[in-house]
Number of protein chains: 2
Amino acid sequence: MESTDNTAPVVGAGDPSTPAGEGASSESGESAGTEQRIFKAATEVFARKGQAGARMREIAEHAEINPALLHYYFRSKSQLYEAVFAHGFKQFMGGLGQSLKADLDFEESLRTFVHGYIDYIHTHQDMARLMLNECTCGGPILERYLTAAVAKRDEMPGLMMEDRIVAAIESGEIRPVDPQHTMLTIVSSCLFPFVALPTVRIFHPEAADDFEAFVEGRKKHVVDLLLSGLRPAGSAE
Amino acid sequence: MESTDNTAPVVGAGDPSTPAGEGASSESGESAGTEQRIFKAATEVFARKGQAGARMREIAEHAEINPALLHYYFRSKSQLYEAVFAHGFKQFMGGLGQSLKADLDFEESLRTFVHGYIDYIHTHQDMARLMLNECTCGGPILERYLTAAVAKRDEMPGLMMEDRIVAAIESGEIRPVDPQHTMLTIVSSCLFPFVALPTVRIFHPEAADDFEAFVEGRKKHVVDLLLSGLRPAGSAE
DNA sequence: AAACAGTTTAACTATTTGATCAAACTCTAG
DNA sequence: CTAGAGTTTGATCAAATAGTTAAACTGTTT
């Protein structure tokens, strides 16, 4: 009843979780990971051009597949976008959550968070840019997902870290600071340099030459600067 | 000789500086600041949708003018975009430069930079988002403008501040840190919270209620955290 | 008022875009 | 081999898009 009744998959609509749910792989006409190729290409193009600026044909070219396949697998442009976004959002939220549940002191908690955050961002730059794009334009999609995530606070690594800051202030591990601004500074310091990387490269030519070194240097610097900045007054190094 | 020879202004092409060069205002048919209205609307739409995603008709609607006027004043979409970008870039670079030339100690230099940066960003959010958008996609326009600006180092406030950090380390005003990473952290902390403001609002509902308080709080927090983080070992508060 | 330069408008073109569809293809199951 | 479900393709459509143009309009100058 719902539109033409051919045998179409359309995985993105029903289960916006994994890019190509391996569980229901009904390999027949040698798909060869067509769906995953679409997904990856879509992530790149959406990240660069945004939802409105991205062209379906460009995604198809990037994935080296026939443009019609985009609609075969994802029905429409908006559904493809939402599938990509939802996957990234879930991955982003889920990845860090676990590592923070261990009961470490503040210094180790911060180190874990910063290292994990930077590792994720620099290995998923496209997804990070896509998310930021959504943040800047303040579209309804992000708001929908974000408010849902904020509800169950203990699954948002950012909010967990914020709670950790509050606790550390109370226990005297760090000096009294505004937890929300501090959290904002942490996220900014980890995220921004990689999102704006094309620009950073112009100022840091060495970041292009030895990227891994730049990433590790970034981790060290952020943790070091924050720990120094948050150390209680009077406590020596 | 250059295309049709009607009497067209096209200010954006020749002099990409001020949005509506008041010098050559040839007021006849009651323009009523049409060009400035276009400019402002274009900034908003380009910031939200990017160069590729923005639609000329949307800009025209936003400016409440006839779509054809966009081409009358700016010839093409790409020239309109470049005019908007160039204006923002020049304004961005020029504004902070002067304030840093005064010979202040490091603490005051940092305070001046952070306050000036945040003031500019939060009063020109659209322009900041547009610039960041250009940063993320790494288009040729930004690279062209940026490399030109880096050449004359003493006109880039960011690089001037970085030089100030190096000097402060040598003079012992602050402890030895990586100047480039430190600079990145400063810029990140000032820029990101306002660029991603729609998202921040979900976590900081009070930022929406009393925006001015949030801005001032942000300035204080960033300066405070950085000064603490950079203070030489052993020096009391 | 007549001429004129600058501005605004609506109608138009050519191209691009997202989306659809029937036909062809591929592999497996019977 | 044949039937059939799932997949891929090229052709095609309607809507949207950037850009053009001639005519109408505005105010100023003569």
Side-chain angles (χ1 to χ4, degrees), chain A residues 2-13 20-22 24-38 41-42 45-46 49-83, chain B residues 2-13 20-39 41-42 45-46 49-83:
Chain A
E2 181 204 26
S3 73
T4 55
D5 205 22
N6 48 354
T7 54
V10 188
V11 306
E22 300 166 52
S25 66
S26 53
E27 51 215 301
S28 62
E30 189 56 32
S31 153
T34 305
E35 195 174 327
Q36 292 201 28
R37 276 235 298 284
I38 294 176
V45 177
F46 277 133
K49 304 284 191 70
Q51 182 176 14
R55 311 288 134 131
M56 295 295 267
R57 281 171 169 79
E58 191 181 350
I59 296 174
E61 272 181 39
H62 219 84
E64 295 176 303
I65 50 108
N66 188 295
L69 286 175
L70 298 178
H71 295 90
Y72 178 72
Y73 281 99
F74 294 92
R75 242 24 279 104
S76 71
K77 185 183 180 182
S78 58
Q79 285 188 49
L80 172 57
Y81 181 78
E82 179 146 354
Chain B
E2 181 203 26
S3 75
T4 56
D5 207 22
N6 47 357
T7 53
V10 190
V11 307
E22 300 166 52
S25 66
S26 54
E27 51 215 300
S28 62
E30 190 56 32
S31 154
T34 303
E35 195 174 328
Q36 292 200 28
R37 278 234 298 284
I38 294 176
F39 204 90
V45 177
F46 277 132
K49 304 283 190 70
Q51 183 176 13
R55 310 290 136 137
M56 295 294 266
R57 279 173 170 78
E58 191 180 349
I59 296 174
E61 272 180 40
H62 220 83
E64 293 177 304
I65 49 108
N66 188 293
L69 287 175
L70 298 177
H71 296 90
Y72 178 72
Y73 282 98
F74 294 93
R75 218 108 196 118
S76 70
K77 186 184 180 181
S78 58
Q79 285 189 50
L80 172 57
Y81 180 78
E82 178 146 354

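Numbered from 1 within each chain, the chains take letters A, B, ... in sequence-line order. Quick caveat: nothing in here was measured; it's all calculated off a predicted structure.
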Is the phosphate of [N], meaning OP1 or OP2, less than 4.0 Å from a side-chain N or O of [X]?
X	N	value
B:His71	D:dG19	yes
A:Thr34	D:dT7	no
A:Tyr73	D:dT8	yes

> Measuring from B:Phe74:CZ to B:Glu82:CD, what's the distance to the nearest 0.5 Å?
Replying inline: 12.0 Å

>> Can you tell me how far apart CZ (B:Arg37) and NE2 (B:His62) are? Round to the nearest 0.5 Å.
In response: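 The distance works out to 11.5 Å.
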
>> Distance criterion of 3.5 Å, no angle test: do you see the side chain of A:Arg57 paired donor-to-acceptor with the base of C:dG18?
In response: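 Result: at least one qualifying N/O pair found.
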
In this structure, how many angstroms lie between the [atom2] atom of [N] and the [atom1] atom of [X], rounded?
X	N	atom1	atom2	answer
A:Ile38	D:dT8	CD1	P	8 Å
A:Asn66	C:dC21	CG	P	16 Å
A:Lys77	C:dT20	NZ	P	15 Å
A:Phe74	C:dG18	CZ	P	16 Å
A:Leu80	C:dT17	CG	P	16 Å
A:Arg75	C:dA19	CZ	P	11 Å
B:Glu58	C:dT17	CD	P	17 Å
A:Ile65	C:dC25	CD1	P	19 Å

What's the closest nucleotide to the [X] side chain, out of [options]?
X	options	result
A:Tyr72	C:dT17, C:dT7, D:dT7	D:dT7
A:Leu69	D:dT8, C:dA19, D:dA18	D:dT8
B:Ala68	C:dT17, D:dT9, D:dT21	D:dT21

>> Quick check: do B:Met56 and B:His71 have side-chain heavy atoms less than 4.5 Å from each other?
In response: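 Of all side-chain heavy-atom pairs linking B:His71 with B:Met56, at least one is under 4.5 Å.
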
> Less than 4.5 Å apart, any side-chain heavy atom of B:Ile59 and any of B:Phe46?
Replying inline: yes

>> Using a 4.0 Å heavy-atom cut-off, does A:Ala60 contact any base of the nucleic acid, only the sugar-phosphate backbone, or nothing at all?
In response: nothing

> Do A:Lys77 side-chain atoms and A:Gln51 backbone N/O form a donor-acceptor pair below 3.5 Å?
Replying inline: yes

